[in-house]
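Reminder, nothing fancy here: chain letters follow the sequence lines and each chain counts from 1.
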2 protein chains.
Amino acid sequence: MARKPQDVTDAELAVLQALWDGGTASARELTLRLYRRLTESNLATVQKLLKRLEDKDCISRNREAWPHVFTAAVGREELIGRRLQTTADALCEGALSPLLTHLVKTRRLSPQDRQALRDLLDELEDEGGRKDS
Amino acid sequence: MARKPQDVTDAELAVLQALWDGGTASARELTLRLYRRLTESNLATVQKLLKRLEDKDCISRNREAWPHVFTAAVGREELIGRRLQTTADALCEGALSPLLTHLVKTRRLSPQDRQALRDLLDELEDEGGRKDS
DNA sequence: CAGCATAAAGACAGAATGTCTATATTTCAA
DNA sequence: TTGAAATATAGACATTCTGTCTTTATGCTG
């Protein structure tokens, strides 16, 4: 057997990062962002990665435009969330709280960090506290 | 090329979980914990996984005892930390704070959760606040 | 229509992983 | 002491993943 396919592989992630950082672009443009030199195979590689990312619903492809124009369909935060969930599934029976606890306990949090966290909690207290809104 | 070797694979992790949950054990005992049936190949598979875990310094093997007795050398928390760092490296340039923020923001934290978090922060304020101790 | 850029499809090599087979080693009872 | 049983070790292997390249098809532009 083999391990479950990584949701987004390293090479695919590089493409996503290029989209996040530089915004919507064509395959050609993305190739230039990722590799210095633009060769025929580099471009094909990027096309293939874009195809796979499309299959995974991680990018959207505008087929009206020519050449096609690509946009990230998932954000960094989304991916962070997925990976955290994966870790939680593997090690915490799916619960995210242990990860939170771990980060707070383990990380050397500076007083500033702690204060920022308190502030964040206060915010949640205000908005998230109520059911609606 | 291929992806970088996963620090601990799924099958290896299963063995570790068996050690965490049931404590120190022989290969035979672990096989019984993992598979219902104990066959020759199951046992060999577990032995191989133990070998690989040993190479990765994730378990310790007592060679004095016969049969060898195995003990987990890394804990759940340790692995959680590693995986969080991996995620941070891939998506946050190595910084863990974004993960913390993400968890606090994204997760629907119940008032109890929030309070627990505040308490945890208070604890840190007391001990971790001072340089020494 | 010719020629070029782009897209799509497929082929591949190298590596990871879980599993199994074969061999060596150790223990212990007869 | 010897030989069988249990255990350990080493190696093989199928399958899958992943990044990359090649080949073929398609659409645009002059």
Q. If the sugar-phosphate is the primed atoms plus P, OP1 and OP2 and the base is the rest, what is the B/S/- string for nucleotides 20-30 of chain C, using protein heavy atoms under 4.0 Å?
A. BB----SS---
Do side-chain atoms of [X] reach the backbone of [Y] as a donor and acceptor pair under 3.5 angstrom?
X       : Y       : value
B:Arg61 : B:Glu54 : no
B:Glu12 : B:Thr9  : yes
B:Arg83 : A:Thr87 : no

Expressed in angstrom and rounded to an integer, what is the separation of [X] atom [atom1] from [N] atom [atom2]?
X       : N      : atom1 : atom2 : answer
B:Leu13 : C:dA16 : CG    : C1'   : 16 Å
A:Leu38 : C:dA5  : CG    : P     : 11 Å
A:Lys51 : D:dC17 : NZ    : P     : 16 Å
A:Gln47 : D:dT23 : CD    : P     : 18 Å
A:Arg28 : C:dA5  : CZ    : P     : 7 Å
B:Leu30 : D:dT7  : CG    : C1'   : 14 Å
B:Leu50 : D:dA8  : CG    : C1'   : 11 Å
A:Glu12 : D:dC17 : CD    : P     : 12 Å

Q | Flag for B:Thr86-B:Asp89: side-chain donor and acceptor within less than 3.5 Å | A |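 Short answer, no.
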(Q) Is the phosphate of D:dC17 approached by A:Thr9 (side-chain N or O, under 4.0 Å from OP1 or OP2)? (A)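 For D:dC17, OP1/OP2 do not have a side-chain N/O of A:Thr9 under 4.0 Å.
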**Q.** side-chain hydrogen bond (donor to acceptor under 3.5 Å, both in side chains) partners for B:Arg52, two or more places apart
**A.**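 Result, side-chain hydrogen bond (donor to acceptor under 3.5 Å, both in side chains) vs B:Arg52: none returned.
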Q: Would you indicate what B:Arg52 reaches in the nucleic acid, counting non-hydrogen atoms under 4.0 angstrom: base, sugar-phosphate, or nothing?
A: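 Base, at least one base heavy atom under 4.0 Å.
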Q: Identify, between A:Tyr35 and B:Ala27, the residue whose nearest nucleotide on DNA chain D lies closer to the 5' end.
A: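 Nearest-nucleotide comparison on DNA chain D picks B:Ala27.
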Q: Please lay out, stage by stage, how A:Ser110 and A:Asp113 fare under the test side-chain hydrogen bond (donor to acceptor under 3.5 Å, both in side chains).
A: CA-CA 5 Å; A:Ser110 69; A:Asp113 288 336; 3.2 Å; yes
(Q) With a 4.0 Å cut-off on N to O distance, would you call A:Asp55 and A:Lys51 a salt bridge? (A)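 Yes, this pair counts.
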